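Everything quoted here is computed from the prediction, not taken from an experiment.
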Amino acid sequence: TLDSAGMREGAVLVCQPLVESTGTTNAIARGQAMPFSRAYTRVFVRESRTLREFDIRWQPAVLGRRDLRDPSKNRLLAVDLEGMEPLPSVSRHHAAITEDAGSMFIEAITERNPVLLNGQRIPPGSRRVLNAGDTIKLGDFVLNFYLVA
């Protein structure tokens, strides 16, 4: 109880969320593609306007736009939205898809670049479970996630 913790009448209890690093940004910086822990027939996203499909074959799979000036930064880019809109609304490294023990996740990489999963904003540096049929919104793009086991 709070009494046993030394809390007195009228004291204010402040709760803050505990945020643990997922390690995704470090993995992206290393540029090393890792395999999934299990074999999938196909993992992909489909862009809703053009119906273009992007296969996800490694993790972390970066969703964003290719860097034309420094191609070394494109090693983990799985979903390249470069040139698909007149003015860019998606950053180079906007979001990432990862897998852990058979579960797929979507992660917002930075605070400046909002990522919505089924209409709900994902806080930067945190990840949310990604299920087949889920909708991911990056800038002006809507992507649907598909997983064939």
Taking salt bridge (Lys or Arg N to Asp or Glu O under 4.0 Å) as the definition, give me every residue that meets it alongside R8, ordered by chain and number, with sequence neighbours left out.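 If we apply the salt bridge (Lys or Arg N to Asp or Glu O under 4.0 Å) test to R8, skipping adjacent residues, there are no hits.
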
In chain order, what residues pass the salt bridge (Lys or Arg N to Asp or Glu O under 4.0 Å) check against R42, with sequence neighbours excluded? E53, D55

Only pairs under 3.5 Å count here: list side-chain donor-acceptor contacts from residues 104-114, not counting sequence neighbours, and write none if there are none.
| from | atom 1 | to | atom 2 | distance (Å) |
| --- | --- | --- | --- | --- |
| E107 | OE1 | T22 | OG1 | 2.9 |
| E107 | OE1 | T24 | OG1 | 2.7 |
| E107 | OE2 | T22 | OG1 | 2.8 |
| T110 | OG1 | N113 | ND2 | 2.8 |
| N113 | ND2 | S91 | OG | 3.0 |

Which pairs of donor and acceptor atoms, one on a side chain in residues 76-85, lie under 3.5 Å apart (sequence neighbours left out)?
| from | atom 1 | to | atom 2 | distance (Å) |
| --- | --- | --- | --- | --- |
| D80 | OD1 | R66 | N | 3.0 |
| D80 | OD1 | E82 | N | 3.0 |
| D80 | OD2 | R66 | NE | 2.6 |
| D80 | OD2 | R66 | NH2 | 3.3 |
| E82 | OE1 | R65 | NH1 | 3.1 |
| E82 | OE1 | R92 | NH1 | 3.0 |
| E85 | OE1 | S89 | OG | 2.9 |
| E85 | OE2 | S89 | N | 2.8 |
| E85 | OE2 | S89 | OG | 3.2 |

Find out if a path of hydrophobic residues (ILVMFWY) with successive side-chain heavy-atom gaps under 4.5 Å connects [X] to [Y].
{"X": "V142", "Y": "L117", "value": "no"}
{"X": "L143", "Y": "W58", "value": "no"}
{"X": "I56", "Y": "Y146", "value": "no"}

Qualifying residues under ring pair (Phe, Tyr, Trp, His ring centres under 6.0 Å), relative to F54, sequence neighbours excluded: none

Does R38 have any side chain to side chain contact (heavy atoms under 4.5 Å, CB included) partners at least two apart in sequence or in another chain, and if so, which? Y40, E99, A149

List in chain and number order the residues that pass side chain to side chain donor-acceptor pair (under 3.5 Å) with D70, two or more places apart in sequence or in another chain; answer none if no residue qualifies.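 Expected list: S72.
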
Side chain to side chain donor-acceptor pair (under 3.5 Å) involving T135 - partner list, sequence neighbours excluded: N144

Not counting sequence neighbours, list each pair that qualifies as a salt bridge (charged side-chain N to carboxylate O under 4.0 Å, His left out) and has a residue in residues 134-149.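 For residues 134-149: none.
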
Applying salt bridge (charged side-chain N to carboxylate O under 4.0 Å, His left out), which residue pairs with at least one partner in residues 120-130 are found, sequence neighbours left out?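 Matches after skipping sequence neighbours: D100-R127.
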
Shortest non-hydrogen contact between S126 and I122, atoms and distance: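 Taking every non-hydrogen atom into account, O-CG2, 3.4 Å.
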
If every non-hydrogen atom of T98 is compared with every non-hydrogen atom of P60, which pair is closest and at what distance? CG2-CB, 3.8 Å

Do the side chain of H93 and the main chain of K73 share a donor and acceptor less than 3.5 angstrom apart? yes

With the side chain counted from C-beta on, respond yes when I136 and L130 share a heavy-atom pair under 4.5 Å apart, and no when they do not.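 They are in contact (side-chain heavy atoms under 4.5 Å apart), so the answer is yes.
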
With heavy-atom distances below 4.5 Å as the criterion, would you say the side chains of V43 and F145 are in contact?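 With C-beta onward as the side chain, the pair touches.
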
Apply the test side-chain contact (heavy atoms from CB on, under 4.5 Å) to residues V115 and L63: give CA-CA distance (whole Å), side-chain angles for both, the deciding distance (0.1 Å), then the verdict. CA-CA 10 Å; V115 177; L63 289 70; over 6 Å; no

Between CG of N131 and OG of S103, what distance do you get to the nearest 0.5 Å?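 These two atoms lie 8.5 Å from each other.
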
When Ile, Leu, Val, Met, Phe, Trp and Tyr are grouped by side-chain heavy atoms lying under 4.5 Å apart, directly or through other members, which residues fall in the same group as V14?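 Taking Ile, Leu, Val, Met, Phe, Trp and Tyr as members, V14 shares its hydrophobic cluster with V12.
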
Can you list, by chain and residue number, the hydrophobic cluster partners of L51 when the side-chain cut-off is 4.5 Å?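 In the cluster with L51 there is nothing else; it is isolated.
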
